[in-house]
Amino acid sequence: MTKILVIEDEVDIADLVALHLRRAGFEPVLAHDGITGLKLAQTEVPALILLDLMLPGMDGVRLFKELRRFPGTRTTPVIMLTARAQTEDRVAGLELGADDYVTKPFSPKELMLRIKVALKRAEPAGETTEALATGPFRFDLPAFVCYMDQLPLELTLTEYKLLLFLCERPETPCSRTDLLRGVWGYSDAANSRTLDTHVKRLRGKLGKHADSIETARNVGYVLRTSPRP
Ligand code: CA
């Protein structure tokens with residue numbers, strides 16, 4: 001069975017994640033502090049590590065750096081678990097090379113999906129998708145960079161994820177709920193305005209391709225790859 005190491009000091013969260021991991025056919029290994037987590041990462045050789053950032057003993061960022069120093073865990077995919085307020089930590093984590101992050105509170109279903117994606121991405125080359133191209137946009141997925149007409153766009157992580165989500169489904173109207181869930185990890189009416197704000201900002205960065213993101217009335221948004229008559 002595929003072992004997943006969960007380093008999380010909040011026991012309730014760790015247990016909940018373990019339950020869902022077992023249901024999804026994984027073997028969870030739990031650590032409630034950083035030092036134990038680091039030790040288990042080396043002895044249990046998990047296929048993936050879920051790493052909470054705020055930990056007693058050794059914080060997530062430091063632990064992550066340690067993981068990357070050891071040959072046995074250097075390439076192990078790591079998904080960081082963060083509280084919503086810790087934006088800086090999250091960005092730091094991704095800059096360090098974490099594979100993904102999930103913001104608390106998260107839906108276990110979403111987390112399982114992210115785990116499967118990260119595991120798939122970690123598979124030996126050949127089957128993995130490293131790039132995605134839609135219309136004028138090309139994504140370098142491991143590097144979190146989007147090129148528009150061959151030039152890199154300066155996007156925030158959220159804008160990047162939003163554009164990627166739409167580009168993965170060209171010509172398909174995406175509902176507001178799907179966009180919120182896919183990009184922010186959760187959906188509730190209160191965040192509806194956040195979505196519009198980000199779309200507006202994103203369009204502003206797309207220059208002559210701003211119209212690629214079309215408003216789908218009463219639905220949400222849709223990415224057009226060719227102008228409509
Ligand atoms: Ca914590």
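Order of appearance sets the numbers: ligands from 1, and atoms from 1 within every ligand.
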To 10 degrees, how wide is the angle OD2 (Asp52) to the Ca ion (ligand 1) to O (Met54)?
80°
Relative to the ring of Phe137, is the ring of His209 parallel (under 30°), tilted (30 to 60°) or perpendicular (over 60°)?
perpendicular
Residues clustered with Val145, ILVMFWY side-chain links under 4.5 angstrom
Tyr147
Results of side-chain contact (heavy atoms from CB on, under 4.5 Å) for Glu66 - residues two or more places apart only:
Leu38, Met58, Arg69, Phe70
Glu8 backbone or side-chain N/O/S under 3.0 Å from the Ca ion (ligand 1)
no
Among N, O or S atoms, Asp9 approaches the Ca ion (ligand 1) most closely through OD1
Give a yes or no on whether Arg74 atom CZ has more than 12 heavy-atom contacts from other residues, nucleotides or ligands under 6.0 Å away.
yes
